[in-house]
Protein chains: 2
Amino acid sequence: MARVGLTTQRLVRAGAELADEIGFEQVTASELARRFDVKVASLYSHVKNSQDLKTRISLFALEELADRAADAVAGRAGKDALVAFANVYRDYGREHPGRAAAARMRLDPETAAAGAGVRHAQMTRAILRGYDLAEPDATHAVRLLGSVFHGYAGLEVAGGFSHSAPDSQETWTRILDALDALLRNWPTEPTP
Amino acid sequence: MARVGLTTQRLVRAGAELADEIGFEQVTASELARRFDVKVASLYSHVKNSQDLKTRISLFALEELADRAADAVAGRAGKDALVAFANVYRDYGREHPGRAAAARMRLDPETAAAGAGVRHAQMTRAILRGYDLAEPDATHAVRLLGSVFHGYAGLEVAGGFSHSAPDSQETWTRILDALDALLRNWPTEPTP
DNA sequence: TGCATAAAGCTAAAGCGTTTAGGCAAACGG
DNA sequence: CCGTTTGCCTAAACGCTTTAGCTTTATGCA
């Protein structure tokens, strides 16, 4: 019985790759065990249960995404930063659809707070430094940006925009133009 | 063996209620059979399989949501219509979290096109008649609105904004103000 | 070096959800 | 009142999850 060298880390990374191949929903302890050529029960020494495995994959993806975002934003400001930041999210979703789906998985608030969720919020806030938004408008804007990135990725993977003109890339570019314009001219008072 | 009177319709409606109670992900043929006090195999005369059941619940929710939206938008225009429309989505998510999750389920494009997906797109487009958007900007705007509604609901149910100031309702109102301002002043050309 | 011990991976088994095949009986049409 | 449809059943196979307890491997300390 040669040891394969299972680790929580290795399981999570392999699970992330598996998610990209077959979809996050389809990632299962059994399938993962098959990949490592190991009996299913062996995984349970490294992972609490199936839910725990998925949660860890989600947190891994969030971390990886935050790393990329931090990298992209460094040394940029204003619209330049906004576009770079947004493109990280979009590119990640296209390059790693399974991990991106994992990142969108609903985590209970405490788990999310302990993970990279905070980094994402802080980076989004950092983007807004290039615009002139005081609280609480900055928070509103952070939430708007989160909703758009989150929502667009979800709709795009669902095939919502595919095969219909104008193409998704064009829309994405124009949405970023629009968001930039909006942030530069955020309405302080509702206009009835 | 008294007959319960199972129907695809009844199964789907009960499945939708079940989703609101225990979460869409947890809706299972077994659980549904338990509710009707019927053996699981009996469901398979009315539903092709478990996936088919979920798809039907999703389509049901989309239809219900489209009905409400159509109702809300009737006789309104401009920001008034935008706000009413957006609030339908948000209220539905809070009133029927399970159905809303079902509505966000990824369907294959042909299934979605055959269902109420088209109505949603058309209504969103109708909202934009109150603003001055020519193609392709109108399409970009439709996609932006879809992303925001979709994304906000997803983040809100994940508890993203709960228990942190400012409260979610305030943000929602201000986001709608912002979107209204953006639509009235949509940037025709990127501003570098 | 050699042994003790913790950890890795295994077998076995129970539980639950899905799905199909085939059977009985209730409802319904003529 | 009879025949047909069909609603619901039993039975069984299959796959994923999870726990319990065992064997073997690796590792570190004497």
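Throughout, a chain's letter reflects where its sequence line sits, starting with A, and its residues are numbered from 1. Owing to the predicted nature of the structure, the values given are computational and were not obtained by experimental measurement.
An OP1 or OP2 oxygen of D/dC8 is reached within less than 4.0 angstrom by no side-chain nitrogen or oxygen of B/Ser45. Side-chain N/O atoms of B/Ser30 include none lying less than 4.0 angstrom from OP1 or OP2 on C/dC16.
Here the side chain of A/Thr171 pairs no donor or acceptor atom with the backbone of B/His140 at under 3.5 angstrom. Under a 3.5 Å cut-off, the side chain of B/Arg106 and the backbone N or O of A/Val157 do not form any donor-acceptor pair.
Note that CG of B/Leu144 is 11.5 Å distant from CG of B/Asp137, once rounded to the nearest 0.5 Å. The CD atom of B/Gln169 lies 7.0 Å from the CG atom of B/Asp167; values are rounded to the nearest 0.5 Å. The distance from the CG atom of B/Leu182 to the CD1 atom of B/Ile175 is 12.0 Å, given to the nearest 0.5 Å.
For B/Arg34, whose side chain is taken as the heavy atoms from C-beta onward, the closest listed nucleotide among D/dC16, C/dC10, C/dG17 is C/dG17.
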I'd like a table of donor-acceptor pairs (distance under 3.5 Å, sequence neighbours excluded) in which one partner is a side-chain atom from residues 145-153 of chain A, with atom names and distances.
residue: A/Ser147; atom: OG; partner: A/Arg143; partner atom: O; Å: 2.8
residue: A/Tyr152; atom: OH; partner: A/Ser168; partner atom: O; Å: 3.1
residue: A/Tyr152; atom: OH; partner: A/Ser168; partner atom: OG; Å: 2.9

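Annotation: proximity of residues 6-29 of chain A to DNA chain D (heavy atom, distance under 4.0 Å) is found for A/Thr28, A/Ala29, numbered in ascending order.
The number of heavy atoms from other shown groups lying within 6.0 Å of CD (A/Gln9) does not exceed 12. Environment of CD in A/Gln26: crowded, with over 12 heavy atoms of neighbouring residues, nucleotides or ligands closer than 6.0 Å. No more than 12 heavy atoms of other residues, nucleotides or ligands sit less than 6.0 Å from atom CG of A/Asp132.
Listed by first and then second residue, the salt bridge (charged side-chain N to carboxylate O under 4.0 Å, His left out) pairs involving residues 11-20 of chain B are B/Asp20-B/Arg99 (not counting sequence neighbours).
Under the salt bridge (charged side-chain N to carboxylate O under 4.0 Å, His left out) criterion, B/Glu21 pairs with B/Arg35, not counting sequence neighbours.
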Please enumerate all protein N or O atoms sitting under 3.5 Å from an N or O of nucleotides 18-21 of chain D, with distances to 0.1 Å.
residue: D/dT18; atom: OP2; partner: A/Tyr44; partner atom: OH; Å: 2.9
residue: D/dT18; atom: OP2; partner: A/Ser50; partner atom: N; Å: 2.7

Check the interface with nucleotides 4-6 of chain D: list each N/O to N/O pair with the protein under 3.5 Å, or write none.
none

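Whole-Å rounding puts the B/Leu32 CG to D/dC8 P distance at 13 Å. Atom CG of B/Leu53 and atom P of C/dT19 are 10 Å apart (whole Å). Distance, A/Lys54 NZ to D/dC16 P: 12 Å, rounded to whole Å.
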